[in-house]
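Quick note: residue numbers are just sequence positions, from 1. The figures that follow rest on heavy atoms only: side chains count, while hydrogens, waters and symmetry mates do not.
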Amino acid sequence: MKYLHIKSWLCAAALLITLNVSAQDKKLTKDLYIAAGIPDSLKDEANAVVRYSSDELVVKGPGRVTQRHHSIVTVLNEKGDDEAQLVLYYDKKFNSIGSVEMVVYNAAGIQLKKYHKSDMYDRSAADGMSIITDYRLLALEHTIASYPATIEIIYEKNKNSYLDLGDWHIQEPEKSVQYAEYKVSVVPSVGFRFKNKNTGIKPEKIIIDDMENYLWKVQNIKAIKSEEDALSWQVFPKISFAANSFLYGGMPGDISNWQNYGKWQQALNADINSLSPQRVEEIKTMTASIKSDKEKAKFLYEYLQQNTRYVSIQLGIGGLKPFPASFVDQKKYGDCKALANYMYALLKAVNIPSYYAMVRAGTNEEPADPSFPADPFNHIILCVPFKSDTTWLECTSSTQPFGKLGPFTENRNALLITEDGGKLVNTPESTGVDNQFNSEVHLILNADGGAKVKAKILSTGAYRSDYIGLATLKADEQKEYLIRTLNMKQPSVFEYNIGADKEGVKEVTLDLEFDKFCDVTAGNKQFYRPRLFDLWKITLPVLEKRKSDFYFNQPMQKACVTTIELPEGFEVETLPANQSLKFSYGNYEVSYIYNAEKNQVISTTKFNLTNQVIPAAKYIEMQAYMDNIAKAQNKKLVIRRKA
């Protein structure tokens with residue numbers, strides 16, 4: 001991936017400036033440091049209050065940017081403690097940090113502590129995957145002893161390379177804003193642009209000394225507590241900034257449209273996407289007996305998975321430019337850019353065209369805005385356009401099935417780097433069929449209320465990924481995970497067995513024993529939950545009105561057939577009623593059959609979610625539907641000793 005994860009508030013803060021004079025200190029009053037001066041309306045739902053936040057962005061030309069930041073934030077409780085943390089990223093070539101100050105005040109506005117740049121911890125910004133990186137960070141953290149406390153932060157940064165100009169995140173969850181503003185001073189020749197999201201505020205604009213000056217102001221914004229499973233990028237206000245002309249690593253470019261940005265990336269990749277003539281012949285020989293292009297691509301993708309591994313090296317412009325395909329071919333490792341470029345070269349060797357594709361990765365992550373060309377991307381995948389369909393390849397995974405992306409990159413915009421430049425297209429959207437959890441459970445009850453269980457689980461898509469990851473954990477961690485995610489009782493004996501993994505279907509089996517599987521014993525009767533685990537465990541709070549859409553990670557299909565063998569000498573007294581529940585975006589069904597001859601109860605349960613995004617207007621319906629599922633799953637099987 002190209003970017004390190006940087007706290008969004010580093011880009012979002014602002015430096016108070018008038019349109020004519022940079023006079024931040026003249027506008028500050030003592031009241032901004034005193035907690036008692038916060039209006040009561042700004043304390044509701046707030047963990048911290050931005051008393052004053054200001055950012056100045058000065059763009060003197062392509063690749064010449066200065067950022068100045070000044071903020072005063074009052075922390076109301078321990079949930080706002082991250083306001084007393086400061087992390088500034090820089091590198092030796094493109095980004096430098098000037099002066100830095102952090103000052104801590106008590107509730108009365110009396111200074112308690114002052115930190116400088118020399119007090120900050122300076123280290124490599126290794127992300128756990130990069131073995132070598134130019135990125136470094138300065139970090140500082142103050143431990144707040146009592147609340148409220150006020151934190152003042154001032155710093156300056158300089159850049160000599162950029163692709164876009166970042167964002168102003170005006171507000172964050174559970175944080176109110178008393179006053180904030182953002183100023184941009186820019187030379188007209190770079191073609192400055194901005195785009196509002198979740199806000200309608202407009203800037204003041206004047207020309208001073210041949211510089212365009214923009215100023216945005218906000219004040220008295222009440223705190224917002226995010227609704228459950230709402231996405232911040234769909235709720236909270238921000239303004240994105242970009243300049244048509246940019247300079248990165250000494251390479252000038254134009255990002256006024258997606259096509260031009262793609263041309264810049266194409267030029268960056270031009271000399272690194274081919275293999276040697278000898279290696280090309282070897283690849284052709286490897287695939288000579290394979291008839292179709294799609295089968296050849298599948299073979300080469302699996303070859304990539306079996307012979308390379310993900311390792312990130314971020315040096316210089318390497319954050320954007322892949323290592324040569326020949327390097328990956330020899331060293332057998334690379335990051336997302338290098339591995340996608342290597343796959344491109346493998347396909348190129350057998351005359352199969354493909355496209356390097358830039359994407360914003362992360363489950364339910366904000367996609368690129370088609371109307372605002374910029375660089376929101378943090379990951380590279382590969383697009384292979386066959387005659388009958390288009391196949392997408394995740395080149396960093398050694399386990400992902402051919403042609404499957406998953407929640408990390410599906411259902412969003414990707415920028416294809418084509419012969420004609422950049423082309424923004426949609427990645428595939430998965431369906432419930434792509435994310436299946438199918439299980440068969442054989443449950444043998446004991447007369448004393450214990451049980452022995454054998455279960456087989458077949459999973460695809462996101463569930464397959466979960467169970468592949470589960471195989472790497474220790475037995476106690478596996479047991480804890482399954483108890484928590486499947487709402488399963490605590491077993492006395494636990495065996496997790498890894499089965500086959502073929503054609504995108506992962507098999508695991510569980511061998512379990514329970515000293516007590518019975519919920520309640522009353523005289524000659526025993527009450528059981530008639531299943532090993534629940535297919536669904538989520539319930540939602542009742543709301544009069546939901547404001548934001550509700551997001552699941554993916555659509556899904558789940559099913560379980562459970563065969564329960566009753567103890568000898570027992571029979572069914574009460575069988576749970578069959579249920580069929582429907583919702584605009586899914587359904588739940590469960591049925592029970594008692595086979596008296598075999599003394600078995602067989603239950604069949606199905607749960608389907610057809611869409612991962614549930615409109616806010618459907619929340620009340622969904623909440624009632626999930627409550628009804630919980631009630632259905634809580635019904636008891638009652639057995640009794642025969643007379």
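Put simply, the side chain of Tyr625 reaches to within 4.5 Å of the side chain of Tyr588, judged on heavy atoms. Val235 is not listed as a side-chain neighbour of Ser226, based on a closest heavy-atom distance of 4.5 Å or more. Looking at Asn411 and Asn426, their side chains never come closer than 4.5 Å, going by heavy atoms from C-beta outward. Between Val441 and Cys560 the shortest side-chain heavy-atom distance falls below 4.5 Å. Using a 4.5 Å heavy-atom cutoff, the side chains of Glu78 and Asp81 are in contact. Side chains of Pro367 and Trp233 form a contact here, defined as non-hydrogen atoms less than 4.5 Å apart. Asp466 has its side chain out of reach of Lys506: every pair of non-hydrogen atoms, C-beta onward, lies at least 4.5 Å apart. Looking only at side-chain heavy atoms (C-beta outward), Ser326 and Ser276 stay at 4.5 Å or farther from each other.
Of the possible donor and acceptor atoms, one in the side chain of Asn435 sits under 3.5 Å from a partner among the backbone N and O of Pro555. A donor-acceptor distance shorter than 3.5 angstrom exists from the side chain of Ser439 to the backbone of Ala559, with no hydrogens or angles considered. In this structure, Thr460 contributes its side chain and Gln436 its backbone to a donor-acceptor pair below 3.5 Å. A donor-acceptor pair under 3.5 Å is formed between the side chain of Asn595 and the backbone N or O of Lys598. Formation of a donor-acceptor pair under 3.5 Å by the Arg412 side chain with backbone atoms of Arg360 is found in this model. Although no hydrogens or angles enter the test, the distance criterion places a donor-acceptor pair under 3.5 Å between the side chain of Asp448 and the main chain of Gly450. Side-chain atoms of Asn599 come within 3.5 Å of backbone atoms of Phe570 as a donor-acceptor pair (strictly under, hydrogens ignored). Put simply, the side chain of Asp329 never gets that close to the backbone of Ala325: no donor and acceptor are under 3.5 Å apart. Of the possible polar contacts, none joining the Gln85 side chain to the Ala139 backbone as a donor-acceptor pair under 3.5 Å is found. At distances below 3.5 Å, not a single donor-acceptor pair connects side-chain atoms of Glu366 with backbone N or O atoms of Ser232.
Nearest heavy atoms, Leu424 versus Ala368: CD1-CB, 4.5 Å. Contact record, Val280 with Leu275: CG2-O, 3.9 Å, taken as the closest heavy-atom pair. Considering every non-hydrogen atom in both Ala297 and Met343, the closest pair reads O-CE, 3.8 Å. Nearest heavy atom pair, residue Lys321 against residue Leu268, reads CE-O, 3.1 Å.
Between Lys387 and Asp293 there is no salt bridge, since none of the side-chain N atoms of the basic residue sits less than 4.0 Å from a carboxylate O of the acidic one. Taking the charged nitrogens against the carboxylate oxygens, Glu621 and Lys618 do have a contact shorter than 4.0 Å, which makes a salt bridge. Checked for salt-bridge contact, Glu480 and Arg484 meet the test: a charged N lies under 4.0 Å from a carboxylate O. Between Arg546 and Glu227 there is a salt bridge, since a side-chain N of the basic residue sits under 4.0 Å from a carboxylate O of the acidic one. Between Glu295 and Lys298 there is no salt bridge, since no side-chain N of the basic residue sits under 4.0 Å from a carboxylate O of the acidic one. In summary, Asp501 and Arg464 engage in a salt bridge, as defined by a charged side-chain N under 4.0 Å from a carboxylate O. Using a 4.0 Å cut-off between a side-chain N of Lys or Arg and a carboxylate O of Asp or Glu, Asp519 and Lys489 qualify as a salt bridge.
In Lys606, the NZ atom is not crowded: 12 or fewer heavy atoms of neighbouring residues, nucleotides or ligands sit closer than 6.0 Å. Other residues, nucleotides and ligands contribute at most 12 non-hydrogen atoms within 6.0 Å of the NZ atom of Lys331. The neighbour count for Lys332 NZ, taken as heavy atoms of other residues, nucleotides or ligands under 6.0 Å away, is above 12. No more than 12 heavy atoms of other residues, nucleotides or ligands shown are found within 6.0 angstrom of NZ on Lys502. Within 6.0 Å of the NZ atom in Lys636, the count of heavy atoms belonging to other residues, nucleotides or ligands exceeds 12. Residue Lys479 places its NZ atom among more than 12 non-hydrogen atoms of other residues, nucleotides or ligands, all under 6.0 Å distant. Open room surrounds CG on Asp476; 12 or fewer heavy atoms of other groups in view lie less than 6.0 Å from it.
Between Glu568 atom CD and Arg641 atom CZ the span is 11.0 Å, to the nearest 0.5 Å. Atom CG of Leu320 is separated from atom CZ of Phe377 by 11.5 Å, given to the nearest 0.5 angstrom. From Phe550, atom CZ reaches atom OH of Tyr585 across 14.0 Å, with rounding to the nearest 0.5 Å. Within the model, atoms CG of Leu470 and OG of Ser465 stand 12.0 Å from one another, a figure rounded to the nearest 0.5 Å. For the atom pair CD of Gln623 and CD of Glu228, the computed distance is 10.5 Å after rounding to the nearest 0.5 Å. Leu532 contributes atom CG, which lies 12.5 Å from atom NE2 of His442 (distance to the nearest 0.5 angstrom).
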* Check the pair Arg529 / Asn487 against side chain to side chain contact (heavy atoms under 4.5 Å, CB included), numbers first and verdict last. => CA-CA 11 Å; Arg529 185 178 68 163; Asn487 199 25; 3.7 Å; yes
* To do: Under the side chain to side chain donor-acceptor pair (under 3.5 Å) rule, what do Thr396 and Glu394 come out as? Steps first, then yes or no, please.
  => CA-CA 6 Å; Thr396 61; Glu394 172 53 71; 2.5 Å; yes
* Do Asp511 and Val493 pass the side chain to side chain contact (heavy atoms under 4.5 Å, CB included) test, and can you show the C-alpha distance, the side-chain angles, and the key distance before you say yes or no? -> CA-CA 8 Å; Asp511 288 294; Val493 175; over 6 Å; no
* To do: Under the side chain to side chain contact (heavy atoms under 4.5 Å, CB included) rule, what do Tyr344 and Asn269 come out as? Steps first, then yes or no, please.
  => CA-CA 11 Å; Tyr344 174 96; Asn269 295 2; over 6 Å; no
* In sequence, state the C-alpha distance, the side-chain angles, and the governing distance for Thr409 and Thr427, and then conclude on side chain to side chain contact (heavy atoms under 4.5 Å, CB included). => CA-CA 7 Å; Thr409 54; Thr427 62; 5.5 Å; no
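For Gln234 and Tyr551, the side-chain atoms include at least one donor-acceptor pair closer than 3.5 Å. Judged purely by distance below 3.5 Å, without hydrogens or angles, the side chains of Glu565 and Thr563 never pair a donor atom with an acceptor atom. Between the side chains of Asn608 and Asn587, at least one donor-acceptor pair of N or O atoms lies under 3.5 Å. For Gln612 and Asn364, the side-chain atoms include at least one donor-acceptor pair closer than 3.5 Å. Judged purely by distance below 3.5 Å, without hydrogens or angles, the side chains of Asp515 and Ser492 pair a donor atom with an acceptor atom. A donor and an acceptor atom, one from each side chain of Asn341 and Tyr356, are nowhere located under 3.5 Å apart.
Below 30°, between 30° and 60°, or above 60°: for Phe299 and Tyr303 the angle between ring planes is below 30°, a parallel geometry.
Note: Tyr592 and Tyr594 fail the aromatic proximity criterion, with ring centroids not under 6.0 Å apart.
The side-chain hydrogen bond (donor to acceptor under 3.5 Å, both in side chains) search around Lys558 returns none, not counting sequence neighbours.
Each of Val542, Leu543, Asp549 was scored for a side chain to side chain contact (heavy atoms under 4.5 Å, CB included) with Tyr619, with one residue passing: Leu543.
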